[in-house]
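Model, not experiment: these values are computed from the prediction.
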2 protein chains.
Amino acid sequence: MTVIFSKKCEYGLQAVLFLSAKGTGEVVSADEIAKRLNIPKEFVSKILQSLTESGLVSSRKGKAGGFSLAKHPALIRLIDVVAAIDGLAIFNSCVLGFPNCSPDHPCPLHEKWGQLRSSAYSMLTEQTLDQLKEKTLNKIAHLEA
Amino acid sequence: MTVIFSKKCEYGLQAVLFLSAKGTGEVVSADEIAKRLNIPKEFVSKILQSLTESGLVSSRKGKAGGFSLAKHPALIRLIDVVAAIDGLAIFNSCVLGFPNCSPDHPCPLHEKWGQLRSSAYSMLTEQTLDQLKEKTLNKIAHLEA
DNA sequence: TCTTAAACAGATTATTTTATCTGATTAAAG
DNA sequence: CTTTAATCAGATAAAATAATCTGTTTAAGA
């Protein structure tokens, strides 16, 4: 198998999109997020904790506590979430796993892959949570099959 | 961390490119491949065995044995190697990990990601081993730092 | 024919990723 | 003040991936 983002990152992106769909200030518990997205509660809880440390999410303890976005969803780009969880190594390392892959010593796919990769990077940099709100709401509405 | 291809697939692609750079008929031992590419011998050996089952590589046992391409390098596309090792799931599954991601119930990135993904697929389908021979030779020449 | 060097087969180990558990702290609400 | 429901912290378990080991079969070459 092959993967773009780790499970951690997928869940993190889902959760953060979910929060943005809820409304900026709204506090949502890990339990609700987990149930709604069908992902393990303890896992998403850990992920949101780490996003809290990263400053993308803020949390409130105690009864009626939970998570909310730390910034306006227009200020959170997908790449920020990816960077916080998986890091940006995928955008800097050789797709074929060759060492020292660089313009000086390019791997056979250096050019062609580089183009795709920078398109992907641009896309994740351009897309912010608020831009995706409508689509997120639609997706969430159809989640339970 | 995040990954496009598994280690298995990276090594497989490297090995197959190495074979194509050697010349179509030439038999190369797993030991030589492993040393030249700085990858674990037993691991690459297993991978080449599985590519032999897939019909992309052929093998010869006994002394002076080893591996060679089973077809002309113009007939082996990168996607064939990827399909044989990692499968094509990455080109069919939701980048955000949402279930039932489809044109009917698209995830927030369905469109934009779909475009990138199909560009990647096209690229891997267009590129054959022989087209990459020159670049592969160059990369191999600069391998030990 | 004997030695050597290779693929091959299957089991095992190690590492990383994913997921869960246990208990502590915190704060709302009766 | 007590109950309840949440985050949080750290340990642990389970699963997947990566890597290694052990021995067998095969074939070239001295």
Side-chain angles (χ1 to χ4, degrees), chain A residues 1-15 19 22 26-70 82 85-87 89-90 93 97, chain B residues 1-15 19 22 26-70 82 85-87 89-90 93 97:
Chain A
M1 250 285 284
T2 264
V3 127
I4 302 295
F5 301 131
S6 67
K7 273 283 169 232
K8 221 188 268 188
C9 194
E10 285 181 7
Y11 292 162
L13 287 163
Q14 287 188 24
L19 287 177
K22 276 286 188 167
E26 192 157 348
V27 171
V28 188
S29 73
D31 195 61
E32 179 182 346
I33 296 172
K35 278 190 180 127
R36 211 64 196 72
L37 298 176
N38 273 292
I39 60 186
K41 175 189 166 183
E42 283 86 5
F43 201 15
V44 78
S45 174
K46 277 263 182 287
I47 294 164
L48 287 167
Q49 277 172 46
S50 88
L51 289 177
T52 299
E53 283 178 33
S54 306
L56 296 174
V57 165
S58 63
S59 67
R60 215 169 68 191
K61 294 177 76 172
K63 191 164 181 176
F67 298 92
S68 59
L69 296 182
V82 172
I85 300 179
D86 275 347
I90 196 179
S93 56
Chain B
M1 250 287 284
T2 264
V3 128
I4 302 295
F5 301 130
S6 66
K7 273 284 170 231
K8 222 188 265 188
C9 194
E10 285 182 4
Y11 292 163
L13 286 163
Q14 287 188 24
L19 286 177
K22 274 287 188 168
E26 191 157 349
V27 172
V28 188
S29 73
D31 194 60
E32 180 182 344
I33 296 171
K35 278 188 180 132
R36 209 66 195 71
L37 297 175
N38 272 291
I39 61 185
K41 174 189 166 181
E42 284 86 6
F43 201 16
V44 79
S45 173
K46 277 264 181 286
I47 294 164
L48 287 166
Q49 279 171 44
S50 89
L51 289 177
T52 298
E53 284 178 32
S54 306
L56 296 175
V57 165
S58 63
S59 67
R60 216 168 69 190
K61 293 176 77 172
K63 192 164 179 175
F67 298 92
S68 59
L69 296 181
V82 172
I85 300 179
D86 275 347
I90 195 179
S93 57

Pairs under 3.5 Å (N/O, protein and nucleotides 6-10 of chain D):
unit_1: dT7(D); atom_1: OP1; unit_2: Ala30(A); atom_2: N; d: 2.7
unit_1: dT7(D); atom_1: O3'; unit_2: Ser59(A); atom_2: OG; d: 3.3
unit_1: dC8(D); atom_1: OP1; unit_2: Ser59(A); atom_2: OG; d: 2.2
unit_1: dA9(D); atom_1: N7; unit_2: Lys46(A); atom_2: NZ; d: 3.4
unit_1: dG10(D); atom_1: N7; unit_2: Lys46(A); atom_2: NZ; d: 3.4
unit_1: dG10(D); atom_1: O6; unit_2: Lys46(A); atom_2: NZ; d: 3.0

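As rounded to whole Å, 16 Å separates atom P of dT16(C) from atom CZ of Phe43(A). Nucleotide dA19(D) holds its P atom 9 Å from the CD1 atom of Ile39(B), rounded to whole Å. To the nearest angstrom, P of dT16(C) lies 13 Å from NZ of Lys8(A). In this structure, the CZ atom of Phe5(B) is 20 Å from the C1' atom of dA16(D), given to the nearest Å. Residue Glu42(B) contributes atom CD, which lies 16 Å from atom P of dA9(C) at whole-angstrom precision. One can place CD of Glu10(A) at 13 Å from C1' of dT17(C), the figure rounded to the nearest angstrom. Look at CD1 on Ile47(B): it is 13 Å from C1' on dT20(D), rounded to the nearest Å.
Of the possible donor and acceptor atoms, one in the side chain of Gln14(A) sits under 3.5 Å from a partner among the backbone N and O of Gly97(B). Under a 3.5 Å cut-off, the side chain of Asp31(A) and the backbone N or O of Lys41(A) do not form any donor-acceptor pair.
At dT18(C), none of the side-chain N or O atoms of Tyr11(A) fall inside 4.0 Å of OP1 or OP2 (strictly under the cut-off).
Residues Val57(A) and Ser68(A) form no side-chain contact, since every pair of their non-hydrogen atoms from C-beta on lies 4.5 Å or further apart.
Rounding to the nearest 0.5 Å places CG of Leu51(A) at 4.5 Å from CD1 of Ile85(A).
For the pair Phe5(A) and Asp86(A), the tightest heavy-atom approach, listed with the atom from each and the gap, is CA-OD2, 3.5 Å.
Salt-bridge check for Lys35(B) with Glu32(B): failed, with every basic side-chain N at 4.0 Å or more from each acidic carboxylate O.
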